[in-house]
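Order of listing sets the numbers, starting from 1, for every ligand and every atom in it.
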Amino acid sequence: MGHLTELAELILSSAKALEAVYDDAGKSVPTLDDLFCPSPLDSDPAVQTESMTIVAAANQIMHTVANPLTALQLAAGGLNLTTAWSIVQEANVPDILLEADAQKGLHVKDIASICGLEQDHLARLLRFLASRHFFKEVSPHVFANNRLSSFFLKHKSVSEIKADPQSRYDNAPLAGILGMMANDGLEVAPHLKDWVKSPQSAEAAFNIAKKTDQDYWAWLGAPGNEDRARQVATAMAGGAAHFPRENVTNAIDGANLKPGSIVVDVGGGQGGATMMLYKKYPHLKYIIQDLDNQADAAGAFWSSSEAADAWSKKQVQFQRHSFFDAQPVKNADVYLMRLCIHDWSDSKAKVMMSRIRDAAGPTSRFVVLDPLAMHTCQDPDLPENPIAPKPLLANYGIAGPGGVSAMSDIQMLYMYNGKERTVADMRLLGEQAGWKLQELKPGKLMAYIFSPA
Ligand SMILES: C[S@@+](CC[C@H](N)C(=O)[O-])C[C@H]1O[C@@H](n2cnc3c(N)ncnc32)[C@H](O)[C@@H]1O
């Protein structure tokens, strides 16, 4: 079999398998023209695996047969895509189109008059996006949403968004993440080019772009940055909720902990991970630690939740604490850090891990949940090795969690001088802070279980 046929066969067999799963559920696989409508099938493991194979193989075959002009667009077109999305997202174009006839779409002059952009500019941006399968050009200059553009709806009417722009991303995490990545990316990423030539000049490209010595998280808490902080909080909470509950609950093995055992969620934000743990292990005590600027949001989140009782009885508490200071909770049963280590450089991450090591007792466990950086070739360090079927890239390229972490790794770099880490990176970091890596529990986030060395 030729190499193209091999990739095409992968697409064909996975497409048939995907259609069979939908058939069994009495449904059809959504087309690109269908607006996104969440369904239990989205989280079906077979749907996820087959979709991943199709996307990985289709992307690989596309790159294999690309001619020089296609290669140029693939190599240098990312900036255009981010810029175009940043503009149409701020202009609420998906939301405007949702209020138009879904089939007939809306003429660009009408979209422009609602969002205030020039018709010609908007037409060209939307045509570019439609040529990348975001939005559909129904007839010349007439556009409609499609499945991909509808992922980024803000779930509010255009008049509601205009009346209260600060809340525009509330309950719309994917739109919030896109907005945040586009804003940060366009503002900060250009400075990465200079920063990599002299990384001593500033902590990260972010600091050059914003002309500040504060790290991103402290900067978010500063006056004047409320809008960005709210967007980031929504994006974080929504992004984190995307990770399955079992990813967190399996990581701490709470059923084997005695009643009243203490779990400290270090850098826990409002306590999204703690909420998952509390629901599964209501016999444990929880302390969520984060910066001052998270305290009110945590209080509001818990007091209005179904776990309000646990909050009022102080079974779940918030403690103001910077993870660079001495850890005040000594000898806890579990110290958890979800989606924190990757925000920091190796030297800062070592300090964070050491602070917890200094407070830990001999039986304390330190659980880190972070995205896994995956090599594109086979990695003997990975528990589930090999990952993707040949001839796909071992990490599924753009399609799998390795693709997402490869993208966010660059974002971590320019925003914080942070890093998505491989298993080997994380093991070494732990060792340098006095921890021994005992166990790996793979999931959407990799769970690293450390014990004192
Ligand atoms: C990506 S969020 C993760 C939040 C939470 N662990 C989760 O999984 O939902 C990173 C968190 O680190 C917190 N953070 C940043 N700097 C901190 C510091 N010096 N001490 C404690 N928390 C900090 C931020 O406020 C934010 O809540």
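Heavy-atom contacts of Asp343 reach the following atoms of ligand 1: 1 (C), 10 (C) (cutoff under 4.0 Å). Ligand 1 places these atoms under 4.0 Å from at least one heavy atom of Gly269: 27 (O). The His321 neighbourhood of ligand 1 comprises atoms 20 (N), 21 (C), with distances under 4.0 Å to a heavy atom of that residue. Taking every non-hydrogen atom of Phe324 and a distance limit under 4.0 Å, the qualifying atoms of ligand 1 come out as 19 (N).
Side-chain contact check for Ser167 and Asp164: at least one donor-acceptor pair (N or O, by modelled atom type) lies under 3.5 Å. No hydrogens or angles considered: nothing links the side chains of Thr83 and Asn80 as a donor-acceptor pair under 3.5 Å.
With ring centers used as reference points, Trp344 lies under 6.0 Å from Phe324. For Trp311 and Phe318, the ring centers are positioned 6.0 Å apart or more.
Here Trp217 has side-chain heavy atoms under 4.0 Å from ligand 1, and that is the only part of it that gets that close. Residue contacts with ligand 1, taken as heavy atom pairs separated by less than 4.0 Å, do not involve Ala273 at all.
Salt-bridge formation is not detected for the pair Arg147/Asp33: no Lys NZ or Arg NE/NH1/NH2 atom is positioned less than 4.0 Å from an Asp or Glu carboxylate oxygen.
Contact annotation: Trp344 has at least one heavy atom less than 4.0 Å from an atom of ligand 1. For Gly268, the closest heavy-atom approach to ligand 1 falls below 4.0 Å. The closest approach between any non-hydrogen atom of Met337 and ligand 1 is not below 4.0 Å.
A heavy-atom distance below 4.5 Å is not found between the side chains of Glu160 and Val158.
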